[in-house]
Amino acid sequence: MSRSLALTTTAAPMPELERLFREGTNGWLGGDCAFSTPLREGRILWLFGDSFVSPDPAARSRAGSHIVANTIAIQSGHKLRFWWKEGEGGPTAFFSSPELPGRSWPLSAIRLGEALAVLAVRVVTVDPNQVTGFRIVGHEVYWVSNPDDEPHRWQMTLQQLPWSERTGTYGSWLLAHQGYLYIYGFLRHFRSWFKEVWTLVARIPLEDAHRLLKPERWEYLDGERGRWHKDPAAARAVLSKGATEFSVSYLPELGKFVLVAASWQRGNPIQLRVADTPYGPFSDAVTVFVCPEALKNRRYFCYAAKAHPELASDSAELVVSYAVNSRRLEDCFQDEDVYYPRFLCVSVGSQGREEDG
């Protein structure tokens, strides 16, 4: 039986934060996903999947821009600096491995001691005419040994992880809590990417951060029985209606962990679920915002909703981002509502009781 916490929520757009991703970007003209993780000295790392990059640093239009597989940004206060690499034909992805097929999409990242771990999936295009015409063919970790240096000086090693779509994709979110690093993931049970997925959880002891590179030493949660196993085949979903991208963070105001995700219902509502532990059981979903972009145009959809705890200004606040995309590529070139990250300030409170669901 699920438990539903009586929550009170308000959500308001954050145009001042959105402007950081639209003005003075030196040619970066939008990207999806928008994962973030704190570095040192107040810096924040942002990770993006497919991104529009113009060879002209003063460009305001996406016409003539390149679509590269991934980019990053470093935030210092109210300034963002975007990074990618340059190839013979112009801008290219920041994370790449030419000897492997396809391209790399970063998921989440976390600082582990002196190093930075960036989890990613490797994808190949199977239908260039479809926005979801891709297939996951690999899982990997970029291990950065010197993340305090400027990104163009990063020393990175790439390690492939032994997952397949049959066993699940891990790296949707990373959370350090009470001696463990929790590694969240998903498993598709529909062929379409416009459907809910099962949410999975694994963990490793934080005392040995390099266990992240040794999946045989991970523990996997049987979400049905609440037990941890060494065998990844024993993993069971903690949620049957989850998302491929989401966040799990502790919210002091509630004294609980909050899972933020977008749904595939009409308007792609952004929803919260709460739990007493990082791995559930999670409450029923509470809708805090319905995406207006998905309502104004049938081709548009919103996804990749997640919280950014390092940006919150008080114990009851969630700073939530989401991505907007279109089923037609031309819209991404023509409409600035599409493919720039959108941000919400969500205030969360409790009426002080729980009800059986």
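Fair warning: this is a prediction, and the values are worked out from it, not measured in the lab. Hydrogens, waters and symmetry mates are skipped; everything else that's a heavy atom, side chains included, is used.
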*Asks:* Please report the C-alpha distance between L200 and Y170 in whole Å, then the side-chain angles of each, then the deciding distance to 0.1 Å, and finally whether the side chain to side chain contact (heavy atoms under 4.5 Å, CB included) criterion is met.
*Replies:* CA-CA 8 Å; L200 305 176; Y170 289 92; 3.7 Å; yes
*Asks:* After noting the C-alpha distance and the side-chain angles of W28 and F48, does the key distance pass the ring-ring contact (aromatic ring centres under 6.0 Å, His included) rule?
*Replies:* CA-CA 11 Å; W28 188 87; F48 305 96; 4.8 Å; yes
*Asks:* Over 60° means perpendicular and under 30° means parallel, so tell me whether Y182 and Y184 are parallel, tilted or perpendicular.
*Replies:* tilted
*Asks:* Just wondering, more than 12 heavy atoms not from R40 lying within 6.0 Å of its CZ?
*Replies:* yes
*Asks:* Report yes or no: do L7 and L344 belong to one cluster of Ile/Leu/Val/Met/Phe/Trp/Tyr joined by side chain heavy-atom distances under 4.5 Å?
*Replies:* yes
*Asks:* Without swapping roles, check the side chain of W218 against the backbone of R211 for a donor-acceptor pair under 3.5 Å.
*Replies:* yes
*Asks:* When you check the gap from the basic side-chain N to the acidic O, do K256 and D276 get nearer than 4.0 Å?
*Replies:* yes
*Asks:* Is the number of heavy atoms from other residues, nucleotides or ligands within 6.0 Å of NZ (K230) greater than 12?
*Replies:* yes
*Asks:* Using a 6.0 Å cut-off, check whether atom CZ of R227 has over 12 heavy atoms from anything other than its own residue.
*Replies:* no
*Asks:* Can you check whether A233's main-chain N or O pairs, donor with acceptor, with R236's side chain at less than 3.5 Å?
*Replies:* yes
*Asks:* Are any side-chain N or O atoms of S172 and backbone N or O atoms of T244, one a donor and one an acceptor, separated by less than 3.5 Å?
*Replies:* yes
*Asks:* Can you name the nearest heavy-atom pair linking G168 to H139, along with the distance?
*Replies:* O-NE2, 4.0 Å
*Asks:* How close do L116 and A109 get, counting heavy atoms only, and between which atoms?
*Replies:* CD1-CB, 4.2 Å
*Asks:* Of all the heavy-atom pairs spanning I183 and G171, show the shortest one and how long it is.
*Replies:* CG2-N, 3.9 Å
*Asks:* Is V124 linked to L100 within one hydrophobic cluster, defined over Ile, Leu, Val, Met, Phe, Trp and Tyr using a side-chain heavy-atom separation of less than 4.5 Å?
*Replies:* no
*Asks:* Is it true that atom CZ of R299 has more than 12 heavy atoms of other residues, nucleotides or ligands lying nearer than 6.0 Å?
*Replies:* yes
*Asks:* Using the ring of each side chain (for Trp, its six-membered ring), is H308 parallel, tilted or perpendicular to W46, with breaks at 30° and 60°?
*Replies:* tilted
*Asks:* Examine distances only and state if a side-chain atom of D331 and a backbone atom of S326 form a donor-acceptor pair shorter than 3.5 Å.
*Replies:* no
*Asks:* Would you say the side-chain atoms of N146 pair up with the backbone N or O of Q155, donor to acceptor, closer than 3.5 Å?
*Replies:* yes
*Asks:* Does the pair R43/E310 count as a salt bridge with the N-to-O cut at 4.0 Å?
*Replies:* no
*Asks:* In plain terms, say whether D335 and R328 are close enough for a salt bridge, that is, a side-chain N and a carboxylate O under 4.0 Å apart.
*Replies:* no
*Asks:* Quick one, S240 and E196 - any side-chain contact, counting heavy atoms below 4.5 Å?
*Replies:* no
*Asks:* Looking at F82, is its backbone amide N or carbonyl O close enough to the side chain of N26 to form a donor-acceptor pair, meaning the two atoms are under 3.5 Å apart?
*Replies:* no
*Asks:* Checking Q271 against T287 for the side chain to side chain donor-acceptor pair (under 3.5 Å) test, could you report, in this order, the C-alpha distance in whole Å, the side-chain angles of both residues, the deciding distance, and whether it holds?
*Replies:* CA-CA 4 Å; Q271 300 176 328; T287 294; 3.2 Å; yes
*Asks:* I want to check a possible cation-pi pair here: R273 against F282, using under 6.0 Å from ring centre and within 45° of the ring axis as the test.
*Replies:* no
*Asks:* From D314 CG over to L251 CG, what is the distance, rounded to the nearest 0.5 angstrom?
*Replies:* 9.0 Å
*Asks:* Evaluate the ring-ring contact (aromatic ring centres under 6.0 Å, His included) criterion for residues Y279 and W228: first the C-alpha distance (whole Å), next the side-chain angles of each, then the deciding distance (0.1 Å), finally the verdict.
*Replies:* CA-CA 11 Å; Y279 47 86; W228 296 93; 5.3 Å; yes
*Asks:* Say whether, by atom type as modelled, one donor and one acceptor occur between the side chain of S51 and the main chain of G49 under 3.5 angstrom.
*Replies:* yes
*Asks:* Passes side chain to side chain contact (heavy atoms under 4.5 Å, CB included), F186 versus E245? Steps please.
*Replies:* CA-CA 9 Å; F186 64 89; E245 294 183 42; over 6 Å; no
*Asks:* Nearest 0.5 Å, please: how far is CG in D50 from CG in N70?
*Replies:* 8.5 Å
*Asks:* Determine whether L158 and V137 fall in the same hydrophobic cluster, where Ile, Leu, Val, Met, Phe, Trp and Tyr are linked whenever their side-chain heavy atoms lie under 4.5 Å apart.
*Replies:* no
*Asks:* Would a distance-only check, ignoring hydrogens and angles, find a side-chain to backbone donor-acceptor pair under 3.5 Å from D222 to A235?
*Replies:* no
*Asks:* With hydrophobic residues grouped by side-chain heavy-atom distances under 4.5 Å, do L161 and L187 end up in a single group?
*Replies:* yes
*Asks:* Can you list every salt bridge (charged side-chain N to carboxylate O under 4.0 Å, His left out) pair that touches residues 337-346, not counting sequence neighbours?
*Replies:* E18-R342, E293-R342, K296-D337, D337-R342
*Asks:* Given side chain to side chain contact (heavy atoms under 4.5 Å, CB included), test Y303 with D32 step by step and report yes or no.
*Replies:* CA-CA 9 Å; Y303 61 107; D32 71 349; 3.2 Å; yes
*Asks:* Under a 4.5 Å cut-off applied to non-hydrogen side-chain atoms, are L29 and Y340 in contact?
*Replies:* yes
*Asks:* What closest approach, in Å, do I44 and S36 show between heavy atoms, and which atom pair accounts for it?
*Replies:* CG2-CB, 3.9 Å
*Asks:* Measure from the side-chain N and O atoms of K306 to the backbone N and O of A304, and report whether any donor-acceptor pair falls under 3.5 Å.
*Replies:* yes
*Asks:* Checking the side chain of R62 only, and the main-chain atoms of C332 only, is there a donor and an acceptor separated by less than 3.5 Å?
*Replies:* yes
*Asks:* Report the C-alpha distance between V121 and L107 in whole Å, list the side-chain angles of each, state the deciding distance to 0.1 Å, and finish with yes or no for side chain to side chain contact (heavy atoms under 4.5 Å, CB included).
*Replies:* CA-CA 7 Å; V121 290; L107 296 177; 3.8 Å; yes
*Asks:* Compute both the distance and the angle, then confirm whether R22 meets the cation-pi test with F343: under 6.0 Å from the six-membered ring centre, within 45 degrees of the axis.
*Replies:* no
*Asks:* Run the numbers on W154 and F94 for ring-ring contact (aromatic ring centres under 6.0 Å, His included), then give the verdict.
*Replies:* CA-CA 11 Å; W154 281 2; F94 183 84; 5.7 Å; yes
*Asks:* Please determine whether the number of non-hydrogen atoms from other residues, nucleotides or ligands lying under 6.0 Å from atom CD of Q159 exceeds 12.
*Replies:* yes
*Asks:* Out of curiosity, does V126 fall in the hydrophobic cluster containing F134 (side-chain heavy atoms, cut-off under 4.5 Å, transitive links)?
*Replies:* no
*Asks:* Check the angle between the aromatic planes of W83 and H152 and answer parallel, tilted or perpendicular using the 30° and 60° thresholds.
*Replies:* parallel
*Asks:* For the residue pair F52 and Y339, does the interplanar ring angle fall in the parallel (under 30°), tilted (30 to 60°) or perpendicular (over 60°) class?
*Replies:* perpendicular
*Asks:* To check you understand the geometry: which heavy-atom pair defines the closest contact between V324 and C302, and what is its length?
*Replies:* CG2-SG, 4.0 Å
*Asks:* Any idea how W264 and F194 line up, ring-wise: parallel (<30°), tilted (30 to 60°), or perpendicular (>60°)?
*Replies:* perpendicular
*Asks:* Can you find a pair of side-chain heavy atoms, one from N268 and one from Y322, that are under 4.5 Å apart?
*Replies:* no
*Asks:* Surrounding CD of E41 (heavy atoms of other residues, nucleotides or ligands, distance under 6.0 Å), is the total greater than 12?
*Replies:* no
*Asks:* Contact between D148 and R111 at the side-chain level, heavy atoms closer than 4.5 Å - yes or no?
*Replies:* yes
*Asks:* Taking atom CD of Q334 as the centre, report whether more than 12 heavy atoms of other residues, nucleotides or ligands fall under 6.0 Å from it.
*Replies:* yes
*Asks:* Nearest heavy-atom pair of L20 and T25: which atoms, and what distance?
*Replies:* O-CG2, 4.1 Å
*Asks:* Could you grab the distance from atom CH2 of W105 to atom CD1 of I136, nearest 0.5 Å is fine?
*Replies:* 8.0 Å
*Asks:* Could you name each residue pair satisfying side-chain hydrogen bond (donor to acceptor under 3.5 Å, both in side chains) that touches residues 84-100, not counting sequence neighbours?
*Replies:* W84-E86, S97-E99
*Asks:* Would you call L295 and R266 a side-chain contact if the rule is heavy atoms closer than 4.5 Å?
*Replies:* yes
